[in-house]
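These numbers come from the heavy atoms of this one structure, side chains and all, not from hydrogens, waters or symmetry mates. Chain naming here is simple, since letters A, B, ... match the order of the sequence lines and numbering starts at 1 in each.
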Amino acid sequence: MTTTPTKPEPLPPPPAPSTLDTVTGAGTSLLRSLAMPALAFVTALIIGAFIIALSNVDLLPQLFSDPGSTLAAMGREVWTAYRALARGAVGSVYAISETLFATTPLILASLGVAIGFRAGLFNIGAQGQMLVGGMCTAWVGIYANLPGPLHVIVALLAGVVGGMVWGGIPGLLKARTGAHEVITTIMFNFIALYLVQWLLSIPLFQEAGRNNPVSEPLRPSAHLPSLFGSSYRVTIGILIAVAAVFAVRWLLFQSSLGFEFRVLGLNPEAGRYAGMSVGGLMTLALALAGGLAGIAGANQIMGLAPFKATTSLAGSVGFDAITVALLGRSHPVGVLWAALLFGALKAGGREMQGAAQIPLDLVVVLQALIVVFVAAPALVRAIYRMKGVAERPTQLTKGWGA
Amino acid sequence: MALELRGITKRFPGVLANDDVSLAVGSGEVLALLGENGAGKTTLMNILYGLYRPDEGSVVVDDRELDLASSRDAIAAGIGMVHQHFMLVPVFTVAENVILGQEPSGPLGVIKKDAARATVRDISERYRLHVDPDAVIEDLPVGVQQRVEIVKVLNREARYVIFDEPTAVLTPQEVEEFFAIVRGLQADGKGIIFITHKLGEALEVADRVAVMRAGRKVAEVTPGETSEAHLAELMVGRPVELVVPKDTSHPGATVLQVQDLVVRDDRGHRAVNGVTFEVRTGEIVGVAGVQGNGQTELIEAIMGLRPSLAGNVVLDGTDVTDYNPRQLHEARVSHIPEDRQESGLVLGFTVAENMVLNCYYEEPFSRVLVMDWDATNEAAQRLVKQYDVRTPGIEVPVSNLSGGNQQKVIVAREFDRDVRLVIASQPTRGIDVGSIEYIHGQIVAKRDAGAAVLVVSSELDEVTALADRILVLYHGKIAGEFPPDADITEIGLAMLGSGR
């Protein structure tokens, strides 16, 4: 070993990333981050199998008297359930259509959440942004009298604008006053919900002859064209969502604005020193996030019969989006895969319930388990004896001020 | 009675961090462990403290070989460590921090707070640490926090104390006080290992100096038989210019004028209180002063990072008081910020991305929102070579680089253009001798190329080495102006506010 001064110095261990970065995947590349969700999925399926096996109250008492055939029966049960899950998700054109249908809004809303994570902002407000975006879409869809394709575009844009405003206000509040976006976006969800409830009860929106909050249907010119024909529910919304994936990837990694967002996410102070307008970027990042959620909201009215706005138009998509963005490690392509997985679980779960009498709730448990394992990478590493950064001894020389 | 490391070898993937290193420190002895960043000092001490296991070799205390599986074992063996970054709970009191982890408690787990207080008071008096057991950590200056760490170590009855770069965070006065404490510990029979890369300190306080380079112990000397220049050569492996060579300055037109500037700090106090000075082309003006006398706020105000309450900043005849950092960048001002990790770099970004942090939006790096990564990578390749940044590649996260090389990334980014004004805050804080030599050379080169240079440093040696004119900042005011060859004592007095 030489001791000439030109020898590169041994590299110090990299500083431990913050918990938020670890969980959200901010700053990681796609390839590095795909292994973990995949293993998390497998682990969740295994645990799910135990749950299915043990949840059958008829089989359980026989486990000790006749373990062999009971275990075989349990195995059959698990097999039936997972086969139904797979069949419902990808087993036919109809299944694939259902999967893509469920995936579409998840992709869009999750992309918004992912942009927030990359910019260091925890956007919990996708739900409210979907609702407000959806209402703007409904307004344009009901009242504007435009030819087909143009009406679709304008209605989508209305959703974008509504979502951008609803996301941008918390951004502005944070930039100007430091109000934490977690709190403001949650509160904006509530404001959005009751705003929509009110809007749907005034004559401007409420369907004639109703006394519950449901809007008039959109004009047919504002409906999203279906993709596989009218007997399948999937629309061109999925194409818009996939296009958005690539647009966001370009934005984050090829544009100077994305560079600024990523600096903001990893070290806003360095951004300030480098001359970036930190407040403006925060506002813009949350506005863009809201815009994407707004399209998701628009999709839920324009692409789903009976084409009416309701207070539940966002379903649980706005919250699932946070999970999907985490699972996709805040990378647009990762979000695409994670949303597909969740969409498939949703579509397949219904089949599983129908064919194997396994409650749909198991799908929610599976989703939750996947996320738990993604959030606890050390656990998955330990299970699969992977080598990784977590094996380093905990860094003890980090001050509390850092 | 001695603490020994015998033939320690430690490998990390691709790196031989320690190569057959043997050290010994007896009780009542101070051993300075000198070496550049990455020379293997910290690895060695982590082995001694039970955080790493050596691949070969052993740790021996009082002729008993130890098997250190964790720091708990090290503590039990009488080894204490004061880390460079303190491990204190900021909202707890001194006494609470000292007992943390081994709280003396009575029935029902009630903590005996009075006992804890008494312990702190005893230790504090015995070693003259002047620590108030009831003070809350976050209210204390850094120097006092360090003494709390020392109390912690002594409370655990350490007989051997390791200090990891203890003076890096201290003001010159605090360094003096710290040395007095070290001597007190020494007189009490403690064995002390003092890790540092500051040559003068090693010579001042140590009985013996061990020098490490590239994982090996290359020399062990006594202060009497060596000199700073000799130690530097041992550390780096070649002769080093400790004071950068430069010609006399030929100042030209005034570039920067600061007039009656008043700036508030975060607490609303006037940290800068009526400061006036100017910097001309072809000269380096050094601002000396004990940390916390308004240097940070002065630079932030000039750089548009902090609003000023009154006064003006004028650049080449234009009032730039209200300029933001971007406008100043475009007015050809370079800025090396005080804290490279906090504000100079994005640690999770690659070297290439950090190289364009200030100019990513300009051609050729981007055109109308679109980044040109080819141009960026090309520039980064060139800068890495030109500015001697030691990195495995430009796609490596900058956090993997040593402090000196991280600082070179910033210097490369800021200096690689024709600038009017260079503002360098603590340009070489905490980096190795070789990098200091290099960065000082670059700063002088910028001056010789016609830039006006303002250097702020709490290291008086650095200011006197670089500056053509020295300003001393004390309590937000200029307490004196000195030529570079002025008497150090006089400058030191001005720094304490008792000058002319």
Listed by chain and number, what are the ring-ring contact (aromatic ring centres under 6.0 Å, His included) partners of A/Tyr273, not counting sequence neighbours?
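A/Tyr273: ring-ring contact (aromatic ring centres under 6.0 Å, His included) contacts with B/His335.
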Tell me, out of [options], who's got the most heavy-atom pairs with chain A below 4.5 Å.
{"options": "B/Asp388, B/Val346, B/Asn324", "result": "B/Val346"}
{"options": "B/Asn354, B/Asp339, B/Thr43, B/Val370", "result": "B/Val370"}
{"options": "B/Pro325, B/Ser366, B/Gly304, B/Ser343", "result": "B/Ser343"}
{"options": "B/Asp372, B/Leu328, B/Leu369, B/Asn358", "result": "B/Leu369"}

Can you tell me which portion of B/Leu345 sits under 4.5 Å from chain A's heavy atoms? Options are side chain, backbone, both or neither.
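Looking at B/Leu345, just its backbone touches chain A.
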Counting only heavy atoms closer than 4.5 Å, note whether B/Glu300 contacts chain A via side chain, backbone, both or neither.
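Interface part for B/Glu300: side chain.
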Check: B/Arg216 main-chain N/O paired with B/Asp19 side-chain donor or acceptor under 3.5 Å:
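No: the side chain of B/Asp19 does not pair with the backbone of B/Arg216.
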B/Glu437 backbone acceptor or donor facing B/Glu241 side chain under 3.5 Å
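Flag not set: sc B/Glu241 to bb B/Glu437 has no pair under 3.5 Å.
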Where does the angle between the aromatic ring planes of B/Phe349 and A/Phe259 fall among parallel (under 30°), tilted (30 to 60°) and perpendicular (over 60°)?
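The rings of B/Phe349 and A/Phe259 sit tilted, inter-plane angle from 30° to 60°.
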Residues from residues 158-176 of chain A approaching chain B under 4.5 Å (heavy atoms)
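Expected list: none.
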If we only count heavy atoms from C-beta on, is the B/Asp164 to B/Ile162 side-chain gap below 4.5 Å?
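Contact flag for B/Asp164/B/Ile162 side chains = no.
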May I ask you to test the B/Leu305-A/Arg272 pair for a side-chain heavy-atom distance under 4.5 Å?
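Result yes, sub-4.5 Å side-chain heavy-atom pair found.
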Donor-acceptor pair between B/Ser435 and B/Gln407 side chains, under 3.5 angstrom:
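B/Ser435 vs B/Gln407: no donor-acceptor pair found between side chains.
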Considering residues at least two apart in sequence or located in another chain, which fulfil the side chain to side chain donor-acceptor pair (under 3.5 Å) criterion with B/Glu233?
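So B/Glu233 forms no side chain to side chain donor-acceptor pair (under 3.5 Å) with any residue.
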Among all residues two or more places apart in sequence or in another chain, which pass the side chain to side chain donor-acceptor pair (under 3.5 Å) test with B/Glu362?
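B/Glu362 satisfies side chain to side chain donor-acceptor pair (under 3.5 Å) with B/His329 only.
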